[in-house]
Amino acid sequence: MPKLRLAVLGSGSGSNMQSIVDAIEAGTLDAEIVCVLADVADAKILERAARHNLSHQYVSCAPFKTKLDGDAQEEYIRIMKAAGADTVVLAGFMRIVKQGLLDAFPNRVLNIHPALLPAFPGLHSWKQALDYGAKVAGCTVHFVDAGTDSGPIIVQKCVPVEEGDTPESLHARIQVQEHIAFPEALRYLAADALTIKGRVVHIKR
Ligand code: GAR
C-alpha cells in the first residue's frame, strides 16, 4: 500500500491533527500530511502545522457560515488535489461538508466527533451528553456521508461521565481518547483493512 496522503481540515486548536503528526513522526502511522487548511484565519491548527513544517493555509468559506459549499468548496478541492491528497481528515472542522467534496474523495473523508454516535450529533456534543445525564460519553471516527455525523463508524472510544464533571472536564477526558482513536482509524485505512457493507465498516485485523 502506498502511504496515505492526508489533507487535514480544522477550525480550532488542532490537537487531533497533533496526534496524527505524532503518530507519523513516531513511525506508527504510514501517512504523510500534504496540506493543512483552516476556515478560521487565526486557528491554532495553522500554528501547529507551521511548527512541523507542513504546508498550511487559511481558506475562507465565505459567504457560507456553517457549511463548505460553492466556490469555497471548489477552492478547497483544488488545493487538496494540487497537493496530491488522497484522504481528507476533518480534525475539528466545524462545517458541514457537501456532496461535491465527497464525490472528489469517495469513501476517503473521515471525521472525528466528540460523542458516541448516533447519540448527540451536532455541536457541543459533550455538553449535550452531560445535560442529558448520560453516564458514558466518548468519541467516534467515521466516514463522512451526506448527512450530519451520520456516516459509517470506524472506531469508537468510551469514557465515564464523572459526578461533578463540567463541560470542559468531560471534553478534556474525551479528547484523550480522540487522540488515540483518530490515528487508530487511519492505521486501518493505511493498511487497507476497512470494507464498508451497507453502513457497517468491517475491520480486518
Ligand atoms: C474535537 O473534540 C472534535 O471531536 C470536535 O472538535 C474538537 C476539535 O479539537 N469536532 C466536532 O465537534 C465536529 N462536529 P482539536 O481542534 O483540538 O482537534
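Order of appearance sets the numbers: ligands from 1, and atoms from 1 within every ligand.
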Region of Glu178 that comes within reach of ligand 1 [heavy atoms, distance under 4.0 Å]
side chain
Mind checking whether His124 has a heavy atom under 4.0 Å from ligand 1?
no
Tell me whether ligand 1 is touched by Ile45 - counting only heavy atoms on the residue side and a distance under 4.0 Å.
no
Contact between Ile45 and Val8 at the side-chain level, heavy atoms closer than 4.5 Å - yes or no?
yes
Phe64 vs Gln73 side-chain heavy atoms within contact, under 4.5 Å:
no
Considering only the protein, which heavy-atom contact is closest to [atom], and what is its distance?
atom: atom 9 (O) of ligand 1; answer: Gln175 NE2, 3.2 Å
atom: atom 10 (N) of ligand 1; answer: Ile112 O, 3.7 Å
atom: atom 17 (O) of ligand 1; answer: Ser15 OG, 2.5 Å
atom: atom 12 (O) of ligand 1; answer: Pro114 CD, 3.4 Å
atom: atom 14 (N) of ligand 1; answer: His113 ND1, 3.7 Å
atom: atom 8 (C) of ligand 1; answer: Gly92 CA, 3.6 Å

Identity of the nearest option to atom 2 (O) of ligand 1, non-hydrogen atoms only, from His179, Lys44, Gln177, His171:
His171
Is there a polar contact, in the sense of an N or O pair closer than 3.5 Å, between [X] and ligand 1?
X: Gly14; answer: yes
X: Ser13; answer: yes
X: Asn111; answer: no

When you check the gap from the basic side-chain N to the acidic O, do Glu47 and Lys44 get nearer than 4.0 Å?
no
Can a salt bridge be assigned to the pair Arg199 and Asp145 using a cut-off of 4.0 Å between side-chain N and carboxylate O?
no
Side-chain donor-acceptor contact under 3.5 Å, Ser15 with Arg48
no
Please check if any side-chain donor atom of His142 sits under 3.5 Å from a side-chain acceptor atom of Gln156, or the reverse.
no
Without swapping roles, check the side chain of Thr140 against the backbone of Ala115 for a donor-acceptor pair under 3.5 Å.
yes
State the SG-CG distance between Cys61 and Asp69, to the nearest 0.5 angstrom.
10.0 Å
Could you pull out the closest heavy-atom pair between Gln128 and Leu123, with the gap in Å?
NE2-O, 2.9 Å
